[in-house]
Amino acid sequence: MSSLFHSFAPFFVPSKVSLKTSSLPQHCSASSKIRGAINDDVPSASSANHTRAPLPNLRDMALSSSLADDQSGRRSDPSASATATAMAVMAPDTAKESTKGIGILNFLEGKSYFVTGATGLLAKAFVEKILRVAPNTRKIFLLVKAKDEEEALGRVKTEIIECGIFKRLKELHGEHYADFMMSKLVPVVGNMCEPDLGMPNVELATQIVEEVEVIVNSAASTTFDERYDVALNLNTRGPFRLLSFAMKCKKLRLFLHVSTAYVNGERQGVVREKPFYMGQSIAEEMANDPRANQSFALPKLDVHAEIKLASEIVQSLTKEDVVQKLKELGLVRAKMFGWQDTYVFTKAMGEMMLSSYKGHIPVTIIRPSIIESTYAEPFPGWIQGNRMVDPLLLSYGKGLLPGYLADPKALVDIVPVDMVVNTMVSAMAKHGIPSDPELSVYQVSSSVINPLKVHEMFGFSCDHFMSAPLKDSRGEEIAIERMKFFSSLNEFSAYIQDEVAERFGLRDSEVTSNPRRFEKLQMICKRTVESLIYKAKIYEPYAFYRGWFWSNWQSTKYSLHLKRNPIYLLNEPPLVAFACYMTNLGFLAQDEQSLGLANI
């Protein structure tokens, strides 16, 4: 892949680099081929503050590039628009165009978009960014699952227009905010799991075909143990259906697909931005490694056969068994071919569909790691719903998870959602220009250049909960201790059963002497333990993960030459200092109720 993101390099420099207060947020013929393809009807937590060697070359390269611009007379334009200035919060003026650059704002001018997964966290952050920095955007068509247009409009109003992430846009437009949003956003009744995207409004579908220049697919089922047939339908067949639609679009410049860095499955070491091709499996890849000791034949991955298998299994099962059996099937098939779970396996197969059937469509795949709350844009700390690590950390803060099944030295690859959006926007501008159709892959991650270890994550969380403890149902502060780590599921299971019993007072004499109360508490403890053990089992592959996601922009010559704001360069570039991000700006600062964890 060609280099893309020198503008974003500063966000991932190691935390040893000193932070200046002023630099941080205030808080601290392909169509015919497609038609026939598918019938588409341990260290202690106190060591978490150890320092790591800095990587000064990244900053030096950025600064020397800027100085070279200044010396050659190409200075930043002091009369840049307010919308361009807003982008400087996250990067050295990524919105502005240089004589050699691609001109991100110029690309965004007057474009029309078609966005799937419209009510999800990433799509909302993307829409907010586009409308804030490019208010002359023509239309953003939003695919919404609804029974009719009235319901779709209602969802857009309540779940998007009234969403907190649009606060800055609301301030900018004041009383005209709702009118502005409705003039830009077009609800589209549809479903990624249905033929022709399930769009009943033919006139509206035709309008999209005539006008849309960029398609952004962020729709996905992210449940690790989703039913196999459900995950295949959305994560694997969904991108294929959208690609089929994209081939009709007359002005299309780019098909941007959001995947996940964890499609790399059980690959270990430094994991590079390699695309997937049809039939490729991680298990076969690992078996062919010269260092591997494989003496048995591995099954060949056939995506179409997997879709057929899931369909046949559904028809063979009773209504009572179908959910559990299909969940089990997905996990078994994923592990057989070298992936951790159903989610990442079906997402990888979705990428295979795009690479195999894209034809003349330029496709860019964005692979973020674990997406968490905003770091700076449009303001720090916004998040929506339960993300991957939130339930774990808040369970820890509530005293329900004093130990965890994990390697304390394993890496937790977290990236703020606004950085993912900035990557998407830059990739659109770079690859959405007339050129030979290509497939580009970009991983958005932190594990190579700014690694965060499991014990550090829990260490930061411990510091936070000790200084701002959560309270129990009686209003009393919950005391927690440093996280304990376990290397086997059996050890963890035995430990957590004892701890939960102690936490709920199951062995207290006043409880044991009251059979009715004891039975009720015993059932609560049983459900709690089963839930924690099941989550630990699901998360286990990630808690012991040995891969580091590489992004090409970290090592190659930068191809995106953008002017920088000279005032901005007087300060240290903003850094993801995870201690600050997690406690003051990130998910630990969120309200429990908003995360759906108040009753854990």
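This chain uses plain numbering: 1 for the first residue, then up along the sequence.
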Is it the case that [X] and [Y] place a side-chain donor and acceptor less than 3.5 Å from each other?
X      : Y      : value
Thr116 : Asn217 : yes
Asp413 : Ser446 : yes
Asn233 : Arg241 : yes
His431 : Glu438 : yes
Gln384 : Lys124 : yes
Thr342 : Glu226 : no
Tyr228 : Glu306 : yes
Asn264 : Lys274 : no
Gln443 : Ser551 : no

Determine, for [X] against [Y], whether the closest basic-nitrogen to carboxylate-oxygen distance falls under 4.0 angstrom.
X      : Y      : result
Arg227 : Asp229 : yes
Lys250 : Glu210 : yes
Arg138 : Glu213 : no
Glu285 : Arg267 : yes
Glu128 : Arg132 : yes

Provide the closest heavy-atom pair for [X] versus [Y] in the form atom of the first, atom of the second, distance.
X      : Y      : answer
Leu234 : Pro239 : O-CD, 3.4 Å
Ala219 : Gly117 : CB-N, 3.6 Å
Val454 : Ala543 : CG2-O, 4.5 Å
Arg333 : Phe337 : O-CD1, 3.1 Å
Ala536 : Leu405 : O-CD2, 3.9 Å
Met353 : Thr236 : CG-O, 3.7 Å

- [ ] List the steps, then state whether salt bridge (charged side-chain N to carboxylate O under 4.0 Å, His left out) holds for Glu284 with Lys300.
- [x] CA-CA 8 Å; Glu284 186 174 26; Lys300 293 290 183 182; 2.3 Å; yes
Give a yes or no on whether the backbone of [Y] and the side-chain of [X] come within a donor-acceptor separation of less than 3.5 Å.
X      : Y      : result
Lys347 : Val258 : yes
Lys248 : Ser244 : no
Asp418 : Ala376 : yes
Ser445 : Phe549 : yes
Ser356 : Met352 : yes

Can you tell me if NZ on Lys184 sees more than 12 non-hydrogen neighbours from other groups inside 6.0 Å?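 Atom NZ in Lys184 is crowded, with more than 12 foreign heavy atoms closer than 6.0 Å.
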Count the heavy atoms of every other residue, nucleotide or ligand shown that sit under 6.0 Å from NZ of Lys535, and state whether that count exceeds 12.
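No - once you tally the heavy atoms of other residues, nucleotides and ligands closer than 6.0 Å, there are 12 at most.
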Taking the side chain as C-beta and beyond, is there a heavy-atom pair between [X] and [Y] under 4.5 Å?
X      : Y      : value
Tyr539 : Leu392 : yes
Ile371 : Ile414 : no
Met349 : Leu232 : yes

Working to the nearest 0.5 angstrom, can you tell me the gap between [X] [atom1] and [Y] [atom2]?
X      : Y      : atom1 : atom2 : value
Leu242 : Leu354 : CG    : CG    : 8.5 Å
Ser447 : Lys453 : OG    : NZ    : 12.5 Å
Thr346 : Asp341 : OG1   : CG    : 8.0 Å
Asn191 : Leu143 : CG    : CG    : 7.5 Å
Ser281 : Phe345 : OG    : CZ    : 8.5 Å
Ile365 : Ser355 : CD1   : OG    : 7.0 Å

Near-ring test [Y]/[X], centroid separation under 6.0 angstrom:
X      : Y      : result
Tyr262 : Tyr343 : no
Tyr357 : Phe240 : yes
Phe224 : Tyr542 : yes

Fill in: Contacts of Phe114 that satisfy ring-ring contact (aromatic ring centres under 6.0 Å, His included) - sequence neighbours left out
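Testing Phe114 for ring-ring contact (aromatic ring centres under 6.0 Å, His included), a comparison that skips the adjacent residues, returns Phe245.
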| query | Val212 and Tyr113: side chain to side chain contact (heavy atoms under 4.5 Å, CB included), yes or no, with the steps? | reply | CA-CA 5 Å; Val212 159; Tyr113 305 84; 6.0 Å; no
Q: Begin with the C-alpha distance, continue with both residues' side-chain angles, and end with the deciding distance and a verdict on side chain to side chain contact (heavy atoms under 4.5 Å, CB included) for Met199 and Leu204.
A: CA-CA 8 Å; Met199 293 189 290; Leu204 186 54; over 6 Å; no
Discussion item. Side chain to side chain contact (heavy atoms under 4.5 Å, CB included) for Trp339 and Ile282? Distances and angles first, verdict last.
Written reply: CA-CA 7 Å; Trp339 279 271; Ile282 303 296; 3.5 Å; yes
**Item:** Thr119 and Lys145: CA distance, side-chain angles, deciding distance, side chain to side chain contact (heavy atoms under 4.5 Å, CB included) verdict
**Value:** CA-CA 10 Å; Thr119 59; Lys145 191 174 180 180; over 6 Å; no
Name of the residue among Thr374, Ile165, Ile383 meeting side chain to side chain contact (heavy atoms under 4.5 Å, CB included) with Leu121 =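 The side chain to side chain contact (heavy atoms under 4.5 Å, CB included) with Leu121 is passed solely by Ile383 among Thr374, Ile165, Ile383.
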Hey, mind stepping through Lys251 and Glu211 against salt bridge (charged side-chain N to carboxylate O under 4.0 Å, His left out) and telling me if it holds?
CA-CA 6 Å; Lys251 296 182 179 179; Glu211 297 180 11; over 6 Å; no
